[in-house]
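Report on the following structure.
In what follows, chains carry the letters A, B, and so on, assigned in the order in which the sequence lines appear, proteins first and then strands, with residues in each chain numbered from 1. Computed from a predicted model, the values in this text were never measured in an experiment.
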Amino acid sequence: MSIKVLIPTPLRPYAGKQSVIEVTAQTVGEALSDVVAKHPDLRKHLFSEDGKLRSFVNVYLNDEDIRYLNKDATPVKETDTVTIVPSVAGGR
Amino acid sequence: MALKIPVELYDQLRQHGEATYPHECCGVLVGEFDEAGEKVVRAVVQCGNTRTDSPQNRYHISPLELVRIQREALLAGHDIVGFYHSHPDHPARWSSTDLAEAHWTGSSYVITSVENGRAVLTNSFILLDREEAKHFEDELLEVIEHQPMYCRTKPI
């Protein structure tokens, strides 16, 4: 099925400058794979060399962090939105 | 490159730093990239600081808040163009922690020094380059009152 993946501003240069990418997927993992297949330059910005999501990259299915769902295997449905958000933190 | 912000929003983010003193405040700058590629702030979204273990010198924005803000911004035809936080009793310069924890390349990171509860300096820094070579550069912060725009502060 077709779902939307929202791309944050820092990753858009590697995603054809698109803020939303439509992908065909049954799971969150397939959605991310489809995004990377369409835009290979995104891979190294999303995944480390061992293929895991980089530590500062958060992936949400609607309002849920996929780490607390079934991670890559989390199933998606037609109306779902996957959102990629790098973390925001710091301090003096 | 510059970050342009209406004066009422500029005041709002500075007042946020005063309100949370002696803790760090944090929030998101929502806006747009204009024709020249410069960023214009249209809304300041205050966020909670989830670093309750050390809020006087650390901040962290809940990813869920970021997800919701990004989603609403896109629906409104806007984008996340930057972030802000305060440095209680500390200069308005980025720290090694700020750089290590910054991942939004091209975005503005606005820092306000708050001394004894009063906002003093507000500076903006732009994060550049890929993760492995990332660095901050000073960024002109233009406070917009009415047209024509004028420059109220600039990075020191």
Please report the interatomic distance [atom1]([X]) to [atom2]([Y]), rounded to the nearest 0.5 Å.
X        : Y       : atom1 : atom2 : result
B:Glu131 : A:Phe56 : CD    : CZ    : 3.5 Å
B:Lys39  : A:Thr9  : NZ    : OG1   : 9.0 Å
A:Asp65  : B:Leu64 : CG    : CG    : 9.0 Å
A:Thr83  : B:Arg68 : OG1   : CZ    : 11.0 Å

Is B:Glu65 close to chain A through its backbone or its side chain, or both, or neither, when contacts mean heavy atoms under 4.5 Å? neither
Which atoms of B:Ile61 come close to chain A, meaning under 4.5 Å heavy atom to heavy atom: side chain ones, backbone ones, both, or neither? both
[atom1] ([X]) with more than 12 external heavy atoms under 6.0 Å:
X        : atom1 : answer
A:Lys4   : NZ    : no
A:Lys71  : NZ    : no
A:Arg67  : CZ    : yes
B:Glu132 : CD    : yes

Out of A:Pro13, A:Pro8, A:Ser19, which one racks up the most heavy-atom pairs below 4.5 Å with chain B? A:Pro8
If you look at every heavy atom in [X] and [Y], which pair is closest and at what distance?
X        : Y        : value
B:Trp104 : A:Pro86  : NE1-O, 2.9 Å
A:Val85  : B:Gln70  : CG1-NE2, 3.9 Å
A:Ser87  : B:His103 : OG-CD2, 3.5 Å

Common cluster, [X]/[Y], ILVMFWY with side-chain heavy-atom separation under 4.5 Å:
X        : Y        : value
A:Met1   : A:Leu32  : yes
B:Leu121 : B:Val114 : no
A:Leu53  : A:Tyr60  : no
B:Leu66  : A:Ile84  : no
A:Val57  : B:Leu127 : no

Option that, when pairs with chain A are counted at under 4.5 Å, heavy atom only, ranks first among [options]:
options                             : value
B:Ser86, B:Ala73, B:Pro63, B:Gly106 : B:Pro63
B:Asn57, B:Thr105, B:Ile111         : B:Asn57
B:Leu74, B:Asp98, B:Asn49           : B:Asp98

Pick one of side chain, backbone, both or neither for A:Asn58, based on which atoms fall under 4.5 Å of a heavy atom in chain B. side chain
Under 4.5 Å from any heavy atom of chain B - which part of A:Leu11: neither
When you measure from the side chain of B:Tyr59 to the backbone N and O of A:Gly91, does any donor-acceptor pair fall under 3.5 Å? no
Is there a donor-acceptor pair closer than 3.5 Å between any side-chain N or O of A:Arg92 and the backbone N or O of B:Pro88? yes
For residues 77-84 of chain B against chain A, heavy atoms under 4.5 Å, the residues are B:Asp79, B:Ile80, B:Phe83
Run the numbers on B:Arg71 and A:Leu6 for side-chain contact (heavy atoms from CB on, under 4.5 Å), then give the verdict. CA-CA 8 Å; B:Arg71 191 164 59 209; A:Leu6 303 191; 4.3 Å; yes
